[in-house]
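See structure below.
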Amino acid sequence: MRLLITDLDNTLYDWVSFFARAFEAMAHELTKTLELDPQSLFQEFREVHRKHGDSEYPFAVFELPTVKEKFGTLPEADLKKRLDSSLHAFNSARHRELRLYDSVETTLKELSKNNVLVIGYTEALAENAHFRLQKLGIAQYFHRLYALEAKIPLPPRATSDTSEKSGFIKRVSRDERKPNPALLTDICAQEHISLQEACYVGDSLSRDILMAQSAGVTSAWAEYGTKYDPSLWGTLVKISHWTEEDIARDSELRRQTKAAKPDYIINSFSDLIPIMADEK
């Protein structure tokens, strides 16, 4: 096996837990700053997230209707000062909560030593995904990162020009979202590696495993990525960008997933080492 294509969120780290806790910390401060009840605050975030088609839009707080109403005439620098406690709360919680699952870094090192090409494929925005790989100190093990394009272009300061110009970051069109297998087959073709020599690992049966099987590559289900506090998932649902169409699409994918069985079920990222060494 010469190529590992890996999901990022809840495969390399617990995105659900870190982001929900960071968001809750920010929301706690915002309710005081804006004098807004939590339910109304979450609803405002949901509206902004739906506009941008992403629940992790980096500048959502600046687009909240109540923020615009209270501070809309302030210069950018002054606005940031007014929201500093909230932004600081988010960043502090992120620094505390964002960490790799056990064995991820050692496994990436081992695979790299064995000349396995590692490519990331995520539905997170490119800016957020690249930031996390760098923050966690594992970007060096990735040959390339495929990540979602923004629905509405982000401000220039949010982009990573160097990595994009070098070809490290490839933006994925929203028309090619998971579980479309085309991108997996395109990645293999671009890297001149056969489908039989590639493995895809991810935590979602309905998106990751179904996609890998449709593409004809070996699939590994990161079951450990499905284990988190349900209440934290509940926080994310409250601010979700999903529309009724998205929910219906997800229900249909889950129905199709009943017939999808991964080639491997892994309980640790290190379980990939013998899988990648297996000669079929």
Side-chain angles (χ1 to χ4, degrees), residues 1-15 100-101 103-105 107-112 114-124 126 129-130 132-133 138-139 141-148 168-227 250 253-254 256-280:
M1 304 287 280
R2 299 169 53 207
L3 173 65
L4 175 67
I5 307 172
T6 179
D7 177 47
L8 271 58
D9 298 348
N10 280 74
T11 298
L12 303 181
Y13 46 81
D14 186 348
W15 179 83
L100 295 170
Y101 286 123
S103 82
V104 167
E105 185 169 9
T107 300
L108 290 173
K109 283 182 179 179
E110 182 70 15
L111 294 176
S112 178
N114 294 334
N115 297 316
V116 172
L117 204 64
V118 179
I119 287 179
Y121 177 22
T122 178
E123 288 201 323
H130 188 225
R132 287 196 276 274
L133 292 185
I138 57 173
Y141 302 115
F142 284 77
H143 177 66
R144 212 177 312 280
L145 172 64
Y146 289 79
L148 199 65
F168 178 76
I169 293 177
K170 296 287 188 181
R171 294 182 185 267
V172 179
S173 167
R174 289 174 176 267
D175 295 331
E176 296 182 346
R177 299 188 71 166
K178 299 178 182 180
N180 185 345
L183 192 56
L184 292 186
T185 57
D186 288 347
I187 289 173
C188 291
Q190 180 172 326
E191 304 302 339
H192 305 290
I193 294 176
S194 69
L195 298 174
Q196 292 72 29
E197 295 175 296
C199 177
Y200 184 89
V201 58
D203 66 290
S204 172
L205 286 171
S206 60
R207 284 175 167 74
D208 296 316
I209 302 306
L210 187 62
M211 176 178 63
Q213 292 185 331
S214 298
V217 304
T218 297
S219 60
W221 179 37
E223 185 182 21
Y224 58 85
T226 65
K227 299 174 182 177
D250 185 67
L253 287 176
R254 290 179 183 276
Q256 295 177 25
T257 303
K258 293 179 180 179
K261 294 183 179 179
D263 295 307
Y264 297 94
I265 299 176
I266 63 173
N267 297 307
S268 170
F269 200 72
S270 60
D271 291 345
L272 288 170
I273 292 178
I275 294 172
M276 298 304 295
D278 187 24
E279 295 183 9
K280 291 189 176 182

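Model, not experiment: these values are computed from the prediction.
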Which pair of non-hydrogen atoms, one from [X] and one from [Y], has the smallest distance, and what is that distance?
X    : Y    : value
I193 : E197 : CG2-CB, 3.7 Å
G120 : L8   : CA-CD1, 3.9 Å
R132 : A124 : NH2-CB, 3.6 Å
Y121 : Y200 : O-OH, 3.8 Å
L205 : P262 : CD2-CD, 4.2 Å
T122 : A129 : CG2-CB, 3.7 Å

(message) Restricting to salt bridge (Lys or Arg N to Asp or Glu O under 4.0 Å), what partner residues turn up for D7, sequence neighbours left out?
(response)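 By the salt bridge (Lys or Arg N to Asp or Glu O under 4.0 Å) rule, D7 matches K178.
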Gap between atom [atom2] of [Y] and atom [atom1] of [X] - 0.5 Å precision:
X    : Y    : atom1 : atom2 : value
Y146 : L183 : OH    : CG    : 6.5 Å
M1   : S194 : CE    : OG    : 9.0 Å
M276 : L111 : CE    : CG    : 6.0 Å
I119 : C188 : CD1   : SG    : 8.0 Å
R144 : I5   : CZ    : CD1   : 11.5 Å
S112 : H143 : OG    : NE2   : 12.0 Å

Would you indicate whether the side-chain heavy atoms of [Y] and [X] approach each other to under 4.5 Å?
X    : Y    : answer
W221 : K261 : no
N267 : E223 : yes
Y101 : N10  : yes
L108 : T6   : no
T11  : F269 : yes
D208 : S219 : no

(message) I'd like to know if the side chain of S173 pairs up with that of E176 as donor and acceptor (distance under 3.5 Å, no hydrogens or angles considered).
(response)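 There is no such pair between these side chains.
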(message) Taking side-chain contact (heavy atoms from CB on, under 4.5 Å) as the criterion, tell me which of V201, D263, L3 meets it with T218.
(response) D263
(request) Report yes or no: does D271 contribute a side-chain atom to a donor-acceptor pair with the main-chain N or O of S268 at less than 3.5 Å? (result)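 Judged by distance alone, yes, a pair lies under 3.5 Å.
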(message) Treating N114 as the side-chain partner and V116 as the backbone partner, does any N or O pair qualify as donor plus acceptor under 3.5 Å?
(response) no
(request) Could you check whether the rings of F168 and H130 sit parallel, tilted or perpendicular, using 30° and 60° as the cut-offs? (result) tilted
(message) Using the side chain to side chain contact (heavy atoms under 4.5 Å, CB included) criterion, which residues pair with A139? Sequence neighbours excluded.
(response)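 Only L133, Q134 meet the side chain to side chain contact (heavy atoms under 4.5 Å, CB included) criterion with A139.
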(request) Could you pull out all residues at least two apart from F142 that satisfy ring-ring contact (aromatic ring centres under 6.0 Å, His included)? (result) none
